[in-house]
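The structure presented is a predicted model; accordingly, all values stated were derived computationally and were not measured.
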2 protein chains.
Amino acid sequence: MRIGIYGYGNLGKGVENAIKQNPDMELVAVFTRRNPETLKIKTEGVRVCSIYDILQFKNKIDVMIICGGSATDLPEMTPDLAKNFNVLDSFDNHANIPWHFAKVDAVAKKYGNTALISSGWDPGMFSINRLYASCILPDGNDYTFWGKGVSQGHSDAIRRIHGVKDARQYTIPKDEALDAVRSGINPELTARDKHLRECFVVAEEGADTDVIRETIINMPNYFEPYDTIVHFITEEEMARDHSQLPHGGFVIRTGKTTDEHKHIIEYSLKLDSNPEFTANVLVAYARALYKMNMRGDIGCKTVFDVAPADLSPLSAEELRKNLL
Amino acid sequence: MRIGIYGYGNLGKGVENAIKQNPDMELVAVFTRRNPETLKIKTEGVRVCSIYDILQFKNKIDVMIICGGSATDLPEMTPDLAKNFNVLDSFDNHANIPWHFAKVDAVAKKYGNTALISSGWDPGMFSINRLYASCILPDGNDYTFWGKGVSQGHSDAIRRIHGVKDARQYTIPKDEALDAVRSGINPELTARDKHLRECFVVAEEGADTDVIRETIINMPNYFEPYDTIVHFITEEEMARDHSQLPHGGFVIRTGKTTDEHKHIIEYSLKLDSNPEFTANVLVAYARALYKMNMRGDIGCKTVFDVAPADLSPLSAEELRKNLL
């Protein structure tokens with residue numbers, strides 16, 4: 001399976017790593033908006049190309065993994081690349097998924113390619129677990145908790161405040177809320193009940209930290225609906241203690257089959273590196289996408305449309321014998 | 001969707017319940033080897049029929065859910081019924097799955113029906129989670145723990161001992177082993193390291209409990225490889241404290257994306273009733289089986305072959321909008 005990587009940030013680097021863990025895959029080229037000569041990648045012998053040369057690779061790449069941002073990159077890139085390639089992205093703006101899907105689906109169908117959007121872990125593995133659990137326990141409730149982990153969006157929101165030099169925000173699920181959910185009492189939980197937000201901020205010299213703190217904790221949508229803790233730290237502390245991008249979370253469904261019998265289904269992730277784990281999910285779905293395309297299954301898909309067996313390099317016989 | 005239940009033990013009763021939780025499904029008939037007139041079911045207006053009258057229901061039932069035992073029932077029933085119906089079972093003898101699959105697949109293909117074997121939670125949801133996790137973290141290890149829950153096979157093994165009137169065996173995962181796995185150190189664990197076996201036994205009057213205890217803890221395969229605790233209790237205590245069939249367990253995969261970054265994927269179930277939960281899984285897969293059959297996808301399938309979306313009563317659009 002011949003893979004292309006479109007975009008070489010944290011996610012693209014993670015995909016490059018993940019391909020090395022999968023012997024049935026080969027990285028053909030990395031595409032960048034930057035000057036390709038300035039970009040040094042980790043895999044020996046693989047070309048770095050400008051995105052403007054990408055059509056030279058038509059029919060030489062089985063799946064193009066698009067490693068752009070959901071805000072402005074992917075809404076343009078994924079439909080555009082779907083004209084010439086089978087494409088895979090990690091579009092994670094939940095509210096805009098139907099809109100993004102429709103655009104990609106139309107192009108992929110028109111040009112006879114297969115696309116898969118919104119892969120990763122949420123959307124992605126968490127979505128699948130919400131779906132399985134809700135089908136098994138129709139009489140139930142589910143709860144998704146995120147963290148402990150770095151929220152890039154919340155970190156960026158803090159960085160935009162006047163007087164802030166750098167910031168890192170951790171989303172932390174509250175143990176009391178997790179325990180209440182697991183008890184099966186189906187609690188009604190507000191945003192504040194479920195998650196705590198802990199912020200580490202480097203202030204500009206002379207900035208008023210009280211003003212910064214107040215600005216953060218009162219920021220609508222981002223922080224106001226939550227309990228928020230703000231710590232001011234030095235640049236050295238930031239570099240030393242907060243350079244990683246851990247994340248994770250929990251999808252829990254509780255439900256009953258009869259009035260006497262309750263059940264709890266719980267799926268959780270604890271990730272040292274959010275982009276690297278996301279990349280590994282993408283690469284597994286690249287395999288499925290390739291198989292679906294080989295079977296003539298064109299148009300846009302999501303993780304809901306992919307049978308688990310298609311993610312695996314093993315044959316159906318091996319899977320039944322060893323994993324069922 | 002018109003469902004038939006073949007066999008009315010704990011599992012069949014669970015399926016009857018589960019159908020009530022799914023408004024797109026209708027129970028058409030329950031089939032029994034017993035005299036149908038002696039069998040009282042919970043759903044008003046549904047026929048109870050002898051298995052010998054089943055051919056009258058050909059083309060009147062979309063999916064037949066076969067609720068028999070894996071040892072002797074299912075190896076005969078599933079291939080036989082696959083001649084005339086789309087069939088679904090919970091065959092759970094892992095070692096014999098390839099053999100059972102081949103038999104059912106041959107019949108289903110010959111007669112143009114769709115079959116799905118080995119649904120439930122292990123095999124079933126646990127298998128799916130082993131598969132997803134191994135595809136996402138190829139450089140890793142996975143561990144399955146069962147319990148705390150009643151093992152019917154181990155309970156039966158104790159009941160066969162001379163002087164034993166009744167018995168219930170709980171399989172209990174050891175916390176130290178779970179903690180070691182979650183730490184990501186990839187421990188090598190023996191059977192004894194992973195699970196404890198706790199037995200509650202009612203002895204016949206005058207039986208030598210020391211002999212019974214020794215016979216249990218030294219029983220090859222069943223108890224000898226484990227730490228086993230034996231309690232002798234009264235019939236009243238057995239009826240009062242051990243009449244339920246709880247179960248559950250954990251599928252944990254730990255792996256790394258790079259030398260610096262480890263990840264933990266964990267799926268767990270905590271079930272008040274093993275047969276009722278299994279029944280709910282079967283009914284969700286009955287929906288998928290029906291959809292696959294409608295698309296002309298015949299032959300034998302397993303949970304690995306079923307895309308998550310097929311389990312749901314919601315449309316693809318609704319799923320993308322609400323669950324992705």
- Message: With heavy-atom distances below 4.5 Å as the criterion, would you say the side chains of A:Leu324 and B:Leu131 are in contact?
- Response: no
- A:Asp272 side-chain N/O to B:Lys262 backbone N/O, donor-acceptor pair under 3.5 Å: yes
- Note on the structure: When the 4.5 angstrom heavy-atom criterion is applied to B:Val283 and chain A, the contacting part is neither
- Query: At a heavy-atom separation under 4.5 Å, does B:Ser273 approach chain A through its side chain, its backbone, both, or neither?
  - Reply: both
- Considering only heavy atoms, which portion of B:Asp305 lies under 4.5 Å from any heavy atom of chain A: side chain, backbone, both, or neither? both
- Item | Under 4.5 Å from any heavy atom of chain A - which part of B:Glu260 | backbone
- A:Phe277 vs B:His263 aromatic rings, parallel, tilted or perpendicular, using cut-offs 30° and 60°? tilted
- Honestly, the part of B:Asn322 sitting under 4.5 Å from a heavy atom of chain A is neither
- Message: Taking side chain as everything from C-beta outward and backbone as N, CA, C, O, which of these in A:Val281 sits under 4.5 Å from a heavy atom of chain B? Side chain, backbone, both or neither.
- Response: both
- Which atoms of B:Tyr285 approach chain A - backbone, side chain, both or neither, heavy atom under 4.5 Å: side chain
- Query: Contact part of B:Ser134 toward chain A, heavy-atom cut-off under 4.5 Å: side chain, backbone, both or neither?
  - Reply: side chain
- Part of A:Ser268 within contact of chain B (heavy atom distance under 4.5 Å): both
- Item | Interface moiety of A:Leu311 toward chain B, non-hydrogen atoms closer than 4.5 Å | both
- Query: Tell me, do B:Asn22 and A:Cys135 make a side-chain contact under 4.5 Å, heavy atoms counted?
  - Reply: no
- Query: Is the NZ atom of A:Lys20 crowded by more than 12 outside heavy atoms at less than 6.0 Å?
  - Reply: yes
- Query: Rounded to the nearest 0.5 Å, what separation is found between the CD atom of A:Glu276 and the OG1 atom of B:Thr258?
  - Reply: 4.0 Å
- Distance col, row A:Arg130:CZ vs B:Leu323:CG, nearest 0.5 angstrom, shows 7.0 Å
- Taking C-beta and beyond as the side chain, do B:Ile265 and A:Met125 meet within less than 4.5 Å on heavy atoms? no
- Item | Side-chain heavy atoms of B:Gln244 within contact of A:His261, under 4.5 Å | yes
- Query: Which bit of A:Lys256 comes within less than 4.5 Å of chain B, counting heavy atoms only: side chain, backbone, both or neither?
  - Reply: backbone
